[in-house]
Amino acid sequence: MSRPAPSPVYTLRGASGAFNALHFSCHEGDTPLLFSGSGKGVIHLWNLNNRRAERIIEGHSGSSVIWVNTLHSADTLISQGRDMRVCLWNLSQGRSELMDSLSTESVGFCQCSLLETGEKTCLLAFAGQQTEELKIIELSSKALLCSLIPDSKLGMVMCVKLWQPQSGRGPLLLAGYEDGSLLLWDITQRSILSKTKVHLEPVMCLTFDPESLRGISASSENKLFSWILDGQNNLLLRDCVTLTNPGVSQLSIRGDGKLLASAGWDHRVRVFGWKKLRPLAVLQYHRDMVLSVAFSDHKDPRQRLLAAGSKDQRISLWSIYNEVPDTG
């Protein structure tokens with residue numbers, strides 16, 4: 001007899017818009033926090049101990065916040081809005097001060113990707129003004145490192161992921177495009193290492209596991225496609241998972257590389273074993289599209305949570321460690 005589907009351990013409410021973006025900061029010794037970005041331009045800092053909003057930041061002139069992250073520690077927050085701005089916030093000692101901002105000049109929905117390459121050095125990738133353009137800057141100086149535009153017409157950049165290979169070579173970037181293609185870029189050489197057509201529809205989201213050199217992507221179709229990088233940095237399709245209903249907003253791999261979560265347009269969160277993409281659970285709670293998913297970075301596995309943000313203006317939090325086997 002199958003186990004009943006788990007219920008959320010608790011939910012967070014209080015925003016007047018959809019929850020487009022989530023990011024955990026649960027470092028040992030600090031108050032565990034969940035950052036959320038809403039469709040009304042509001043960023044919430046949720047204290048996971050008392051389950052309340054510790055601070056609320058209104059920083060994108062009411063435009064939708066589509067991505068949030070932290071730099072080095074939870075003292076610096078970075079947010080991206082549909083006002084074509086990326087903002088940096090000083091959160092130290094209870095502050096919520098805008099330190100700096102930059103214009104992306106992009107009107108699309110492509111979320112930024114952040115890569116910390118040194119103690120105080122960060123690279124930021126984002127879609128540029130031109131349809132297929134990707135820009136990578138050094139964040140503190142705002143210096144443009146490169147602008148990447150493919151030779152062929154692939155449509156808008158839909159999603160990006162910066163990562164650092166263990167081989168020691170320079171950072172690489174994975175990008176999904178409107179025509180369903182995936183490209184692997186060498187930032188240092190400003191060249192395409194590999195290209196493959198994965199989806200029939202625009203690539204809505206992707207994520208990548210640098211440890212296994214394996215990634216996964218989704219579109220408005222009812223399929224998830226996983227792919228790997230071989231020794232020559234060629235993108236090779238590996239597995240396909242067919243979903244009951246089409247449409248995925250976001251994908252997230254847990255930090256230990258054991259679980260994958262998908263945010264479904266059918267109001268559901270699906271959890272898979274990352275190794276074999278074995279379905280483990282379908283989490284049902286939300287009344288509208290799930291737009292974002294994120295795993296917490298608690299050091300203690302028993303404290304780890306999965307958060308899901310929805311168009312229904314709620315965030316659900318799930319104790320995946322206790323409810324779902326983390327093998328597969």
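Side-chain atoms of S38 and N20 form no donor-acceptor pair, as typed in the model, at a separation below 3.5 Å. The closest side-chain donor-acceptor pair between H286 and S316 falls under 3.5 angstrom. Residues W89 and S96 bring no donor and acceptor atom of their side chains to less than 3.5 Å of each other. Looking at R268 and Y285, their side chains never bring a donor and an acceptor atom within 3.5 Å of each other. Side-chain N/O atoms of W227 and T196 include no donor and acceptor closer than 3.5 Å.
E132 places a side-chain N or O within 3.5 Å of a backbone atom of G155 that can act as its donor or acceptor partner. Judged by distance alone, the side chain of S220 and the main-chain N or O of G247 form no donor-acceptor pair under 3.5 Å. Looking at S226, its side chain does come within 3.5 Å of a backbone N or O of D239 through a donor-acceptor pair.
The shortest distance between side-chain heavy atoms of F35 and S25 falls below 4.5 Å. Using a 4.5 Å heavy-atom cutoff, the side chains of N90 and L77 are not in contact. Side-chain contact between N222 and T244 is absent, with no heavy-atom pair separated by less than 4.5 Å. In this structure, the side chains of L33 and L48 stay at 4.5 Å or more apart for every pair of heavy atoms. For the pair L224 and L277, the minimum side-chain heavy-atom distance is 4.5 Å or more. Taking 4.5 Å as the limit, every side-chain heavy atom of M156 sits out of range of all side-chain heavy atoms of D179. Taking the side chain as every heavy atom from C-beta outward, L243 and V248 approach each other to under 4.5 Å.
The CD atom of E211 lies 5.0 Å from the CD atom of Q166; values are rounded to the nearest 0.5 Å. Rounding to the nearest 0.5 Å places CZ of R254 at 8.5 Å from OG of S296. L98 contributes atom CG, which lies 8.0 Å from atom CG of L88 (distance to the nearest 0.5 angstrom).
Under the side chain to side chain contact (heavy atoms under 4.5 Å, CB included) criterion, Q313 pairs with no residue at all, not counting sequence neighbours. S36 pairs by the side chain to side chain contact (heavy atoms under 4.5 Å, CB included) definition with F19, L22, H44, W46, I315, not counting sequence neighbours.
Its side chain within the 4.5 Å cluster rule, L154 clusters with L115, L123, L134, I136, L145, L148, V157, V160, L162, L173, Y177, L183, W185, I187, I192 among the Ile, Leu, Val, Met, Phe, Trp and Tyr residues. When hydrophobic side chains of Ile, Leu, Val, Met, Phe, Trp and Tyr are connected at separations under 4.5 Å, V42 ends up clustered with I56.
Annotation: cation-pi pair R214/W274 present, NZ/CZ under 6.0 Å from the ring centroid and within 45° of its normal.
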Test side-chain contact (heavy atoms from CB on, under 4.5 Å) on K195 and S152 and set out the steps.
CA-CA 11 Å; K195 173 186 174 183; S152 55; 3.1 Å; yes
Go through the steps for C110 and M158 under the test side-chain contact (heavy atoms from CB on, under 4.5 Å), then give the verdict.
CA-CA 5 Å; C110 180; M158 304 297 293; 5.9 Å; no
Carefully, step by step, assess E221 and L200 under the rule side-chain contact (heavy atoms from CB on, under 4.5 Å).
CA-CA 8 Å; E221 305 160 274; L200 298 177; 3.6 Å; yes
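L237 is connected to L206 through a chain of hydrophobic side-chain contacts under 4.5 Å among Ile, Leu, Val, Met, Phe, Trp and Tyr, so both are in one cluster.
Applying the salt bridge (charged side-chain N to carboxylate O under 4.0 Å, His left out) test to pairs two or more places apart or on separate chains, those with a residue in residues 69-90 are D83-R85. For residues 133-161, every residue pair satisfying the salt bridge (charged side-chain N to carboxylate O under 4.0 Å, His left out) rule, not counting sequence neighbours, is listed here: D100-K142, E105-K135.
The environment of CD in E116 is crowded: more than 12 heavy-atom neighbours from other residues, nucleotides or ligands sit within 6.0 Å.
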